[in-house]
**Q** 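Here you go, one structure.
By convention here, the first residue in the shown sequence is residue 1. Model, not experiment: these values are computed from the prediction.
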Amino acid sequence: MRTAPAIVSAAVAGVLLLLTSCSRATGLAVPSDGPSCGARLSSGPAATAEPSAGATGDVRIDDPGGDGTHDCVRFQVTNHATKPFTYTIGFAFVSDAGAPSADTYRIVPNVRPGRTVTGTVGTSDLPPGARGWSGVRITKVRGVPVDEAPAPGGPCPSSGLRLYADEGDAAMGLRVVGLHLVNCGPRPQRLTGYPRLSLLDEDHRPVDGVRILRGGSAIASGTGADGPARPLSLKPGQSAHAGLVWRNTVLSGTAVNVPYVRVWAKPGASPVMVTPELDLGTTGKVAVGPWKRDA
């Protein structure tokens, strides 16, 4: 059964945001990461204001008017949820000829309910040596509750466990994403077998019809996510890993994409929401490996 509708809007693709004047004062908080707006580009067409996350307006461009000669765009992020969220926004620079660059990301942390904050993305984010870029395309928007955000660094969570996902690996339609767990607290942490998973769609609703299998070998051999599940005790400073394994094979039917996975490291642990972007095709299954102590 699906939960009540959506906290955060879905991923966004195909909205072109041309580099324009970002000089208008907004009175909103600006995250510290991101270029200032002021230096001029040699050329560039003017932009058109469009929400970048559909009718919910979670992310949009602020002050997209002007003559198209400035070096950045300023975007706004609005939290329509009832709890604080951290947002990750993907951008691709677009050349005069329409060719996109590799994605660059902005993280906007701890946006409180009902609040809007602003950030900027611009020419200082261009790949080294790039020339002739005139626009920015929003490629993706993801949001996770602050109290479930992954913690690859920073202060140790109150649970004493730091859990996060890596960027994964893909080859010939096979996908593997690692889950990493660190005991950053003062006492031993006991693990029992496999992490528990809940698959969530773009609106954070449970995804039906996908089987969660135990052991990576249920999908493919040699992924490192198989072997027997054994109880582990992690001393302070020790770490462990597990793996998510799936294929993106598409045969008949509708392909299923699962951007978010809620993970419980062990029974009674607080959940952490990661974004492995499970492109499951029509396979209807994903496997999770057992926790294994890191060498």
Side-chain angles (χ1 to χ4, degrees), residues 3 7-8 29 31-33 77 79 81-90 105-115 117 119 140-168 176-206 212 225 229-244 258-278 286 288-295:
T3 61
I7 307 179
V8 177
S32 58
D33 62 335
V77 184
N79 182 359
T82 58
K83 59 174 65 176
F85 264 68
T86 289
Y87 296 91
T88 301
I89 307 164
Y105 291 90
R106 281 281 180 267
I107 296 176
V108 184
N110 198 19
V111 182
R112 288 178 287 173
R115 294 294 302 274
V117 300
K140 186 178 296 183
V141 178
R142 293 290 183 247
V144 299
V146 168
D147 60 2
E148 296 185 43
C156 184
S158 59
S159 64
L161 289 171
R162 188 187 308 283
L163 193 154
Y164 60 96
D166 62 29
E167 294 183 358
V176 181
V177 167
L179 300 175
H180 301 272
L181 187 69
V182 179
N183 181 359
C184 56
R187 59 182 62 87
Q189 296 277 359
R190 185 171 178 80
L191 306 178
T192 55
Y194 298 84
R196 182 163 70 91
L197 310 179
S198 175
L199 309 184
L200 305 175
D201 68 12
E202 292 177 342
D203 293 326
H204 293 187
R205 298 177 298 185
I212 300 175
R230 295 188 175 95
L232 297 178
S233 180
L234 294 184
K235 297 178 181 178
Q238 291 185 329
S239 58
H241 65 277
L244 304 177
V258 180
Y260 301 102
V261 176
R262 182 173 276 132
V263 183
W264 289 263
K266 64 177 188 176
S270 299
V272 173
M273 190 180 297
V274 297
T275 54
E277 306 288 349
L278 305 180
V286 60
V288 58
W291 288 119
K292 297 180 179 181
R293 191 189 312 274
D294 290 342

**Q** With a 4.5 Å cut-off on side-chain heavy atoms, are His204 and Pro145 touching?
**A** yes
**Q** Within this structure, what is the OH-OG1 distance for the pair Tyr105 and Thr88, rounded to the nearest 0.5 Å?
**A**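 If I round to the nearest 0.5 Å, the distance is 9.0 Å.
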**Q** I'd like to know if the side chain of Arg162 and the backbone of Gly154 have a donor-acceptor N/O pair within less than 3.5 Å.
**A**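 It does hold such a pair.
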**Q** Does any part of the side chain of Val258, heavy atoms only, come nearer than 4.5 Å to the side chain of Val286, both counted from C-beta?
**A**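 A side-chain contact is absent here, since even the closest heavy-atom pair is not under 4.5 Å.
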**Q** Start with the C-alpha gap between Val77 and Ile89, add the side-chain angles, then the distance that decides, and say whether side-chain contact (heavy atoms from CB on, under 4.5 Å) holds.
**A** CA-CA 9 Å; Val77 184; Ile89 307 164; 3.5 Å; yes
**Q** Of all the heavy-atom pairs spanning Pro195 and Gly289, show the shortest one and how long it is.
**A** CD-O, 3.5 Å
**Q** Kindly compute the distance separating CG (Leu181) from OG (Ser239), expressed to the nearest 0.5 Å.
**A**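 Result: 8.0 Å between the selected atoms.
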**Q** Rounded to the nearest 0.5 Å, how far apart are CG of Asn183 and CG of Leu232?
**A**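 One finds 12.0 Å between CG of Asn183 and CG of Leu232.
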**Q** Which pairs pass ring pair (Phe, Tyr, Trp, His ring centres under 6.0 Å) with one or both residues in residues 143-164, sequence neighbours excluded?
**A** Tyr164-His180
**Q** Do the side chains of Ser233 and Pro188 get nearer than 4.5 Å, heavy atoms only?
**A**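 A side-chain contact exists here, since the closest heavy-atom pair is under 4.5 Å.
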**Q** In terms of heavy-atom contacts, does CZ of Arg293 have more than 12 from other residues, nucleotides or ligands at under 6.0 Å?
**A**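 Yes - once you tally the heavy atoms of other residues, nucleotides and ligands closer than 6.0 Å, there are more than 12.
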**Q** What's the separation between atom NZ in Lys83 and atom CG in Asp147, rounded to the nearest 0.5 Å?
**A** 4.5 Å
**Q** Considering non-hydrogen atoms only, spot the tightest contact between Leu191 and Ala265 and give its length.
**A** CD2-O, 4.1 Å
**Q** Which pairs pass side chain to side chain donor-acceptor pair (under 3.5 Å) with one or both residues in residues 263-273, sequence neighbours excluded?
**A** Gln189-Lys266
**Q** What's the shortest heavy-atom distance between Asn110 and Pro84, and which atoms?
**A**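 Where Asn110 meets Pro84 most closely, the heavy atoms are OD1-CB, 3.4 Å.
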**Q** For the NZ atom of Lys140 and the OG1 atom of Thr275, what is their distance to the nearest 0.5 Å?
**A** 7.5 Å
**Q** When you measure from the centre of the six-membered ring of Tyr87, is the NZ or CZ of Arg142 under 6.0 Å away and within 45° of the axis?
**A**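 No, Arg142 and Tyr87 do not form such a contact.
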**Q** Can you give me the closest heavy-atom contact between Cys156 and Gly185, atom names plus distance?
**A**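 Shortest heavy-atom separation between Cys156 and Gly185 comes out as SG-N, 3.8 Å.
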**Q** Using 0.5 Å steps for rounding, measure from the CE atom of Met273 to the CZ atom of Arg262.
**A**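 Atom-to-atom, Met273:CE and Arg262:CZ are 4.0 Å apart.
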**Q** In the structure I gave you, are the side-chain heavy atoms of Val261 and Leu200 within less than 4.5 Å of one another anywhere?
**A** no
**Q** Can you tell if the side chain of Pro150 reaches within under 4.5 Å of the side chain of Val274, non-hydrogen atoms only?
**A**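 Result yes, sub-4.5 Å side-chain heavy-atom pair found.
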**Q** Where do Tyr260 and Val141 come nearest, in terms of heavy atoms and distance?
**A** OH-O, 4.4 Å
**Q** Going through the distances and angles, do Thr86 and Val108 end up as a side-chain contact (heavy atoms from CB on, under 4.5 Å)?
**A** CA-CA 6 Å; Thr86 289; Val108 184; over 6 Å; no
**Q** Could you tell me which non-hydrogen atom of Tyr194 sits nearest to which non-hydrogen atom of Ala229, and how far apart they are?
**A** CE1-CB, 3.4 Å
**Q** Between Asp166 and Gly168 (side chain of the first, backbone of the second, donor and acceptor by atom type, cut-off under 3.5 Å), is there such a pair?
**A**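 Answer holds: yes.
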**Q** Under 4.5 Å between any side-chain heavy atoms of Leu197 and Leu244, yes or no?
**A** yes
